[in-house]
Enquirer: 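Got a structure for you, questions after.
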Amino acid sequence: MENEEKLQDEIVLHAPSTDEEHKQATDDTLLSAESKSISVNTATVSELNNDDVDTKLLWPILNATQCPLIPDQYDEDGTLCSIYYFNDAFWKQCDGDDGSADCRKVLLADDDGGCRHRKCKDDAELMLAVDRYTSNVSINTSLQLYDKLKIALREKTTDYDDGDSRNDVYQKLVPTKLGRLMFLSVSFTSTLNGYFIAESIRVASQGAYGSQWATVLALVMTISEAILFCNLFLVDIVVNSLIMAYRAASGQTTYVQTKTIALQLRNLSTLSILRYLPSIEIVSAAVVNWKETLAKISSGMILVLKNSLTNVENSTKCGAGTLKTVLDIIFAIPCYIIEVFAPLLAVYAILVKIKQLSFVIDSEPFGGWGFSEYLTFIGFLNQVAGLRVLRNIEKQSIQHFVFSGHDAELDTDELLLLDKWWNVTVLSAVSSLQLGLIDNMVFWYSLDPRKIQLLLKHHALDAGAGDSDTLTKLIESNDDILIDYDQKVMQQLKVSS
């Protein structure tokens with residue numbers, strides 16, 4: 001009784017006049033019982049006669065706390081309407097005698113043996129269950145991310161168990177033997193890709209494309225692809241390897257360098273200008289979301305200029321930091337220009353690469369091929385396999401969902417914040433684990449969309465109430481979620497009356 005009176009004092013009933021007030025009313029109503037642990041006799045609701053309910057008071061509560069079910073001809077009068085659940089019945093909006101907003105109970109049509117009533121109740125309960133489940137999902141803070149990684153590493157490498165099974169899945173982020181083996185294999189695919197690009201330049205320089213114009217265009221395409229490859233290989237891998245070796249020898253940390261090397265090795269292994277090949281879907285999306293497209297271009301230019309003019313490694317005494325700055329300046333603008341015009345070059349790149357495989361047509365497949373032909377063919381397959389790297393598409397979708405604003409578009413500031421999340425928040429949390437040099441590279445190399453979701457998503461369970469298995473079993477076995485909702489509405493009705 002004291003709990004009920006306390007809740008009555010804290011709840012203020014009002015009709016939602018704005019989206020913010022509507023959301024606040026929904027949150028207050030749906031989550032108040034869990035946070036205050038109120039115990040109400042379930043018989044109170046079931047014994048309530050719906051004919052005695054003040055519908056003028058009930059309507060604003062239903063409107064503020066519940067999404068209506070799919071519009072249909074629920075009522076016996078055959079009119080199309082949306083319905084709301086309360087106290088084992090369904091209600092729809094109507095006008096009161098004085099013209100004010102009101103509601104009335106719906107008499108379900110075609111309710112054969114109560115099947116339609118049961119189906120509507122299940123739908124309403126499922127909707128409330130999903131609301132309860134998703135209310136527990138949020139984004140990890142930097143501290144939460146670090147704590148989860150730290151516990152996962154300790155549980156993976158020792159007999160320690162924190163007792164929370166939800167944290168066990170984060171052990172997938174800890175490098176494994178298989179992950180180390182896969183990381184070593186990327187060196188082979190990167191070398192193979194480099195050979196295929198060099199072979200493309202050789203074929204184009206021999207004028208094998210019929211006309212001088214076609215040969216020049218082929219050279220431009222292949223040289224552009226080679227510039228992109230050299231930028232990744234020299235600036236991001238070779239120079240960072242030198243810096244990493246120097247810092248490791250002098251007892252300094254190498255976390256930034258290992259991250260860069262691992263990620264760029266993965267990019268290098270499937271780099272191809274064909275990846276920029278436009279599609280109608282991509283072009284139309286870029287045009288429709290032109291603000292986001294311009295934001296990506298502007299934020300990309302900001303990062304390019306910043307990286308080319310600022311180098312945190314300039315203080316190293318090995319000279320590699322200065323070399324990196326020089327190479328950054330040399331490659332930054334050309335690479336940016338190539339990436340802007342890459343969709344146009346990618347169209348002609350298909351013809352160039354097909355010409356490079358002329359030996360496939362001129363001779364029997366796999367018959368009489370030499371070692372170089374096999375390498376060229378496998379290199380082509382490797383590039384084709386990397387045309388639409390699924391992990392990159394899924395990664396971008398996840399990042400877009402989290403970092404885009406209320407308009408669901410990424411502006412320049414949000415893109416820069418995304419860059420800082422990777423290069424400050426995640427890098428700091430992972431580096432603080434103090435993994436070995438190889439394991440640190442394996443961590444970054446093995447990041448896939450699922451692991452990125454683990455880095456981002458925080459799921460706080462409320463005494464087991466938010467677990468999906470628990471909720472689905474609860475719905476199948478009883479109507480406790482609906483009864484709980486009825487109790488909350490009853491509390492609101494008592495306050496307003």
Side-chain angles (χ1 to χ4, degrees), residues 187-239 264-279 282-283 286 297 300-301 304 307-308 323-324 326-363 369-389 392:
S187 300
F188 168 74
T189 53
S190 297
T191 303
L192 181 64
N193 200 32
Y195 170 81
F196 184 74
I197 292 174
E199 184 67 11
S200 300
I201 297 177
R202 184 190 68 80
V203 174
S205 63
Q206 292 179 348
Y209 297 95
S211 66
Q212 185 177 0
W213 178 85
T215 299
V216 170
L217 193 57
L219 279 171
V220 171
M221 189 282 301
T222 54
I223 291 174
S224 297
E225 195 172 48
I227 290 174
L228 294 177
F229 187 92
C230 290
N231 174 55
L232 291 180
F233 180 68
L234 294 177
V235 179
D236 294 322
I237 297 177
V238 173
V239 174
Q264 299 309 331
L265 263 177
R266 187 170 67 180
N267 291 334
L268 197 67
S269 64
T270 57
L271 182 134
S272 172
I273 207 164
L274 290 175
R275 190 180 296 177
Y276 299 91
L277 191 67
S279 66
I282 294 175
V283 172
I297 295 175
M301 179 61 74
V304 165
N307 291 336
S308 63
L323 176 61
K324 187 178 191 309
V326 173
L327 290 174
D328 273 336
I329 295 173
I330 292 174
F331 281 103
I333 303 303
C335 285
Y336 188 77
I337 294 174
I338 291 172
E339 290 186 349
V340 169
F341 292 98
L344 300 177
L345 295 173
V347 175
Y348 191 73
I350 297 177
L351 301 177
V352 172
K353 294 182 184 296
I354 291 176
K355 186 68 175 179
Q356 192 176 343
L357 295 173
S358 59
F359 63 87
V360 175
I361 303 174
D362 296 339
S363 61
W369 290 3
F371 181 71
S372 60
E373 281 81 7
Y374 275 106
L375 280 181
T376 300
F377 182 71
I378 296 173
F380 174 75
L381 292 180
N382 181 63
Q383 284 204 347
V384 170
L387 283 182
R388 289 287 182 265
V389 181
N392 290 340

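Every value quoted in this text rests on a predicted model; they were computed, and no experiment measured them.
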Enquirer: With rounding to the nearest 0.5 angstrom, report the CG to OG distance, L228 to S272.
Expert: 10.0 Å
Enquirer: State the CZ-CG distance between F377 and N382, to the nearest 0.5 angstrom.
Expert: 12.0 Å
Enquirer: Quick check: does any side chain N or O of S269 sit under 3.5 Å from a backbone N or O of R266, one acting as donor and the other as acceptor?
Expert: yes
Enquirer: With rounding to the nearest 0.5 Å, note down the distance linking CE in M221 to CD1 in I338.
Expert: 11.5 Å
Enquirer: Distance-only, no hydrogens or angles: does the S200 side chain make a donor-acceptor pair with backbone N or O of T222 under 3.5 Å?
Expert: no
Enquirer: Should we count OH of Y348 as having more than 12 external heavy atoms under 6.0 Å?
Expert: yes
Enquirer: Going by the rule ring pair (Phe, Tyr, Trp, His ring centres under 6.0 Å), which residues pair with F359 if we only count those two or more places apart in sequence or in a different chain?
Expert: W369
Enquirer: Identify, with sequence neighbours excluded, every residue that meets ring pair (Phe, Tyr, Trp, His ring centres under 6.0 Å) alongside F341.
Expert: none
Enquirer: Taking all heavy atoms of T215 and all of A204, pick out the closest pair and write down the distance.
Expert: CG2-O, 3.3 Å
Enquirer: Roughly how far, to the nearest 0.5 Å, is CG of L268 from CG of N231?
Expert: 10.0 Å
Enquirer: Minimum heavy-atom separation for A346 to L274, with atom names?
Expert: O-CD2, 3.9 Å
Enquirer: Answer whether the closest heavy-atom distance between the side chains of L345 and E225 falls below 4.5 Å.
Expert: no
Enquirer: Considering all heavy atoms of both residues, which atom of Q356 and which atom of T376 are nearest to each other, and what is their separation?
Expert: NE2-CG2, 3.9 Å
Enquirer: Quick check for you: to the nearest 0.5 Å, what is the distance between I237 atom CD1 and Q264 atom CD?
Expert: 6.5 Å
Enquirer: Taking Q383's backbone N and O only, do any of them form a donor-acceptor pair with N193's side chain (distance below 3.5 Å, no angle check)?
Expert: no
Enquirer: What are the two closest heavy atoms between V340 and P343, and how far apart are they?
Expert: O-CD, 3.5 Å
Enquirer: Can you name the side-chain contact (heavy atoms from CB on, under 4.5 Å) partners of F380, sequence neighbours left out?
Expert: F196, K353, L357, V384
Enquirer: So, taking the atom named CG in L344 and the one named CG in L217, what distance separates them when rounded to the nearest 0.5 Å?
Expert: 10.0 Å
Enquirer: Taking the side chain as every heavy atom from C-beta outward, state whether I197 and L271 have any pair of such atoms under 4.5 Å apart.
Expert: yes
